[in-house]
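In the text below, chain A, chain B and the rest are named by the order of the sequence lines, each starting its count at 1. A quick note: this is a predicted structure, and the numbers were derived from the prediction, not measured.
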Amino acid sequence: MSDTPSLLDGVENQSVSERLAAEALIVDVDGFEGPLDLLLTLSRTQKVDLMKISILHLAQQYLAFVEKAKQLRIELAADYLVMAAWLAFLKSRLLLPPDPTEEGPSGEELAAHLAFQLERLQAMRDAAAQLMARDQMGRDFFRRGIPQEMEQIRKVSYTANLLELMQAYSRLRTRDEFRPFVMDRENVFTMEQALDRMRGLIGFAGDWTDLSIYLPDGWSANPMRRRAATAATFAASLELVKAGKVEIRQSETFAPIQLRRKDQ
Amino acid sequence: MDSENEITQERDPEQTRKDTLFDAPPMAEQERMVEAILFASADPVTVRELNDRLPHGCDAAEALVYLRKRYEGRGVSVVKVGDAWAIRTAGDLGFLMQKETVEVRKLSRAAIETLAIIAYHQPVTRAEIEEIRGVTVSRGTIDLLIEMEWIRFGRRRMTPGRPVTFVVTQNFLDHFGLESARDLPGIKELRAAGLLENRLPPGAIPGPAVQDDDDDEVIDGQSELFED
Amino acid sequence: MDSENEITQERDPEQTRKDTLFDAPPMAEQERMVEAILFASADPVTVRELNDRLPHGCDAAEALVYLRKRYEGRGVSVVKVGDAWAIRTAGDLGFLMQKETVEVRKLSRAAIETLAIIAYHQPVTRAEIEEIRGVTVSRGTIDLLIEMEWIRFGRRRMTPGRPVTFVVTQNFLDHFGLESARDLPGIKELRAAGLLENRLPPGAIPGPAVQDDDDDEVIDGQSELFED
């Protein structure tokens with residue numbers, strides 16, 4: 001603030017060239033990245049070190065800019081207007097003698113922080129420029145052109161244990177016993193088949209005849225087949241007895257079972 | 001290196017044979033191995049990765065000291081990138097490489113500034129970036145920098161809202177030829193001038209970052225990064 | 001190589017500057033350039049391309065001679081690929097570029113069954129294995145077991161076609177913790193249960209093993225193995 005002894009003269013002190021500069025800025029309003037960017041640009045017109053900048057002067061420059069924009073009916077984004085309101089508040093704080101009853105930071109503190117923000121933004125811009133001016137990979141220095149990728153060698157190692165070996169062998173050797181269950185039709189003579197067969201034959205049985213006579217051809221030799229056929233035929237006979245078509249008898253336990261037609 | 005070999009040769013053959021089976025190869029050999037691995041890789045390789053790939057008992061860090069020295073002043077050099085190492089062509093020979101030049105995406109001013117702020121202030125929240133720039137940071141800018149693998153998410157701040165932070169990556173360091181974020185141009189001066197502090201505004205200065213009340217932690221993060 | 005640098009340093013600065021402007025750079029410098037180009041190029045580079053890219057008056061062929069020599073015995077070497085040049089990993093360090101991952105898999109059912117048959121019936125022909133399994137044995141299964149060194153070829157059968165036989169190896173015994181195939185646990189139980197009966201398939205359907213009239217030998221082999 002030391003460079004603006006007459007604070008009240010601020011606006012009037014604005015030179016013609018400064019006002020022209022402000023108008024030029026308005027034309028370029030879209031080119032600014034927000035109010036802080038605009039403030040930074042405005043501060044350059046003061047042609048002093050940012051450390052020594054007059055924040056009051058800057059606030060006035062900014063407010064003049066917003067005023068001009070209004071005259072030119074340029075729509076300013078809300079954050080420019082918020083900043084204008086805040087700067088107007090800051091300006092009043094800087095100009096009026098401090099009110100001891102009022103809480104909050106003093107105008108000088110607020111101004112100092114704004115100066116810090118501007119300085120920091122400028123510092124970051126300079127840093128960004130320095131960064132981009134460095135040698136960059138792919139432009140100034142280069143990485144390996146033929147990188148050799150790590151070759152992935154996948155080795156497969158198989159394992160098996162003794163139990164698995166045993167189980168595999170048992171499985172092979174007991175395949176017949178453990179195969180999925182299916183009815184083995186080949187060795188089964190069903191009661192239905194026996195009934196069909198007996199219905200055809202029984203008409204000729206006027207006399208007592210052994211049950212074994214009724215066994216189908218080819219079912220007597222193999223004991224397993226004979227058992228199946230005998231059981232089926234016996235069951236069929238009982239069905240026919242029940243139906244009243246056949247009489248059945250057995251002289252004693254394990255004696256041959258005999259059948260004969262029952263005449264109605 | 002020669003002294004290493006001599007030591008080996010002085011031992012009796014039985015002993016030597018045992019050594020080659022169970023001990024690390026001589027340093028000259030380790031240096032060759034590190035050289036081969038770095039040459040083969042386009043990306044920096046960490047000391048840890050090197051040690052993992054070298055035979056048991058090798059000391060990649062020591063081998064790197066020799067290797068780096070060996071390549072001083074040559075057409076390619078051994079450079080440190082964060083905690084990793086890479087071989088890169090010497091900066092003064094870029095003019096020979098037009099053929100290899102890749103079109104570097106032209107970054108917007110917003111992207112460049114955002115990148116610089118993240119690099120110098122990391123770990124930094126989006127709100128802090130916005131406070132420094134005085135404008136909101138568009139999603140696209142952050143996305144672009146992440147996509148370029150120049151920035152990544154850091155730890156979340158332990159403050160209300162647990163905001164994410166951004167930090168620069170190894171790729172960033174690699175691209176700009178930096179050993180670490182400490183080597184950013186002018187960072188010492190900026191720090192000395194207090195310009196890397198996130199000073200609490202005395203009142204309500206309009207800006208997106210004002211609501212953010214985790215400034216203390218920012219200072220922690222920076223001092224953490226730069227204390228030595 | 002130091003002598004190269006000395007040559008550069010011996011010249012007076014004025015002269016050196018003139019050289020870089022109008023004459024070819026000193027050979028040490030040319031060597032650096034070739035080194036950088038070979039390193040960064042995505043493809044091997046011919047001498048002609050090198051000369052095109054180097055400053056006027058350079059001699060890439062000569063620089064290559066020096067560079068090649070410089071890399072002798074190093075971790076990488078300058079090699080000729082067709083009529084072009086490239087930097088490649090030294091041949092003896094190829095192992096550093098490989099990462100071996102071992103994946104442990106369970107042996108397939110076909111393989112373990114085949115292995116079991118060979119263990120219990122050795123020496124056994126392929127036809128016999130097929131008869132027992134009831135399906136053909138794929139070449140791959142046998143190859144895998146041979147590669148694992150669990151089975152090997154035994155003596156040929158002195159029968160028509162002289163089929164090869166398979167037997168289990170010492171490795172097999174080691175892996176399964178057996179002193180000999182005779183010690184296969186449970187073999188007596190299997191046999192007592194009649195599971196080791198190598199009977200003809202029902203109905204004497206001509207199977208692979210039936211034409212083989214060396215059934216006797218199979219039985220011999222078994223009895224030899226299993227008699228106690």
Over all atoms of both residues, closest heavy-atom pair of Ala229(A) and Phe189(A): CA-CB, 3.8 Å

Is there a donor-acceptor contact under 3.5 Å from the side chain of Arg126(C) to the main chain of Pro163(C)? no

Top residue by heavy-atom pair count (under 4.5 Å) with chain A, among His175(C), Arg105(C), Arg109(C)? Arg105(C)

Does the Glu29(C) side chain pair with the main chain of Pro26(C), one donor and one acceptor, at a distance under 3.5 Å? no

Distance-only side-chain donor-acceptor flag, Tyr66(C) / Gln30(C), under 3.5 Å: no

Contact origin within Ile87(C) toward chain A - heavy atom pairs under 4.5 Å: both

If one checks every heavy atom of Met97(C) against chain A at 4.5 Å, the contacting part turns out to be both

Measure Arg143(A) against the heavy atoms of chain C and call it side chain, backbone, both or neither at under 4.5 Å. backbone

From the list Glu164(A), Gln148(A), Arg154(A), Arg144(A), the residue making the most non-hydrogen contacts under 4.5 Å with chain C is Arg144(A)

Indicate yes or no for a side-chain donor-acceptor contact from Ser77(C) to the backbone of Val79(C) under 3.5 Å, with no hydrogens or angles considered. no

Could you report the tightest heavy-atom contact between Leu211(A) and Ser237(A), atom names first, then the distance? CD1-OG, 3.3 Å

Do the ring planes of Phe153(C) and Phe166(C) sit parallel (below 30°), tilted (30 to 60°) or perpendicular (above 60°)? tilted

With Glu247(A) as reference, evaluate Arg261(A), Arg260(A), Lys262(A) under the salt bridge (Lys or Arg N to Asp or Glu O under 4.0 Å) test and give the passing residue. Arg260(A)

Please list, in residue-number order, every residue in residues 39-52 of chain C that has a heavy atom less than 4.5 Å from any heavy atom of chain A; write 'none' if there are none. Phe39(C), Ala40(C), Ser41(C), Ala42(C), Asp43(C), Pro44(C)

Calculate, to the nearest 0.5 Å, the distance between atoms CG and CG belonging to Asp126(A) and Leu131(A) respectively. 12.5 Å

The interface call for Phe172(C) against chain A, heavy-atom contacts under 4.5 Å, is side chain

